[in-house]
Amino acid sequence: MPTATHSLLATLQAEAIAALAAVDSLDSAEAFRNQYLGRSGQITLIKRNLKDLPAEERPIVGAQANELSQLLEAQLTEKEQALKSAELNARLANEVIDVTMPGTYWPQGTRHPITRMIDELSAIFAGMGFAVLDDNACPEVETDYYNFDALNFPADHPARDMQDTFYTAVAPNVLLRSQTSNAQIRHMEGRTPPIQVISPGRVYRNEDVSRKKHVLFHQLEGLMVAEGVTVGHLKGTLNAFIEQLFGLDDQGQPMKTRFRTSFFPFTEPSMEVDVLYRRTIKGQVLEDWLEIMGCGMVDPNVLSEVGIDPERYSGFAFGMGVERLAMLKYGIHNIRDFYTSDLRFLRAFNG
Ligand code: DAH
């Protein structure tokens, strides 16, 4: 007894089976489910409207509709599974990494020549037993106590004018340190000798920038305090350092050094160290004494200030300009070259 719903179901079945055969992607599978089996799919609608059919047709049409939807659902699920695994396989095949492909070239940075110089100086002193204080052990924004007073610079003493200091607007006593010697005070405070440290870092001075001077540069400070430290230890240490830094000349001799009397408020006696710098220009050998650092025996006042007994302990200190040493060692003639970020200059220090 074919009724209208009956033949509709038969047509639908033929249509759906053909449509299912045409499903070839996960998208078309979803469209198929929506069209026939989803919440407002055609077969779902027939099932939902069974109540409008004559009572005797309902069980027959209902059973057929159920059978059809189960059949379609089963086949569709199987198809979806096959499509999913085909898509996964295709993706995996595409994602294979070809390790033989040439890489992308990224230019490599190098250490800045000042960083290299500091590393080199630090390595030499570390080899002689000095501990290397890291950058943040000592503030660059400092108070005049650590930069001057504790280092035995009397208030209003002209020695303060030796270094053209940048004061800040923060407070009248806050400045940009003009020397790494603040490290001596910061490190000795609260410690008991033996002390043997170096402290590299930035310093600032209000100077006219020229080939030789800059408002920002680097120093490396050294300090050794223990019982029985003498000028002999100071000279021995610095001569060994200079020999390692500059190596031997063409006659197999270390660079000649000269310790010249000088003045610093925080050392007594104070000295400056010169090296005999030899160059050959147009076949002529030129020799100059060049000053490379200041040094001296730590003034007893400085030791007392940080609570170290000057009757029991003595020490030496030294301070050198990193740029100056780098210029000497690498033959650089303009200090500004270090700060202009010119890649041609920086690349010359590759390595
Ligand atoms: N702080 C001095 C300057 O900037 C350099 C110096 C001299 C440091 C003698 C020292 C020293 O530790 O003993 O001119």
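In listed order, ligands and their atoms are each counted from 1.
- The contact set between ligand 1 and Q179, taken as ligand atoms under 4.0 Å from a residue heavy atom, comprises 1 (N), 2 (C), 3 (C), 4 (O).
- For ligand 1 and Q184, the ligand atoms under 4.0 Å from any heavy atom of the residue are 12 (O).
- Classification of R186 and E142 as a salt-bridged pair holds, one side-chain N sitting under 4.0 Å from a carboxylate O.
- Residue contacts with ligand 1: R205 is placed with a nitrogen or oxygen under 3.5 Å of a nitrogen or oxygen of the ligand (distance criterion only).
- Which parts of ligand 1 touch E221 is read off a 4.0 Å heavy-atom cut-off, strictly below it: atoms 8 (C), 10 (C), 12 (O).
- Salt-bridge check for R33 with E80: passed, with a basic side-chain N closer than 4.0 Å to an acidic carboxylate O.
- Within the 4.0 Å heavy-atom criterion, neither part of M293 lies near ligand 1.
- The hydrophobic cluster containing I43 also contains I17, counting ILVMFWY residues as joined when their side-chain heavy atoms lie under 4.5 angstrom apart, directly or transitively.
- The existence of a salt bridge linking R324 and E291 is excluded, since no basic side-chain nitrogen approaches an acidic carboxylate oxygen closer than 4.0 Å.
- No close placement of the F246 and F241 rings is indicated, their centers lying 6.0 Å or farther apart.
- Interface of G294 with ligand 1, defined as ligand atoms under 4.0 Å from a residue heavy atom, comprises 7 (C), 9 (C), 11 (C).
- With ligand atoms numbered from 1 in the order given, ligand 1 contributes 1 (N), 8 (C) to contacts under 4.0 Å with heavy atoms of S181.
- Cluster membership check: W289 does not share its hydrophobic cluster with M327, using side-chain heavy-atom separations under 4.5 Å among Ile, Leu, Val, Met, Phe, Trp and Tyr.
- Checked by distance only, ligand 1 and G222 stay at 3.5 Å or farther apart across all their nitrogen or oxygen atoms.
- Near G296, meaning under 4.0 Å from any of its heavy atoms, are these atoms of ligand 1: 13 (O).
- Where the criterion is an N or O separation shorter than 3.5 Å, residue side chain and backbone included, T267 fails it with respect to ligand 1.
- To the nearest 0.5 Å, atoms OG1 (T168) and OH (Y204) are separated by 12.5 Å.
- For F266, no nitrogen or oxygen atom sits less than 3.5 Å from a nitrogen or oxygen atom of ligand 1, counting backbone and side chain alike.
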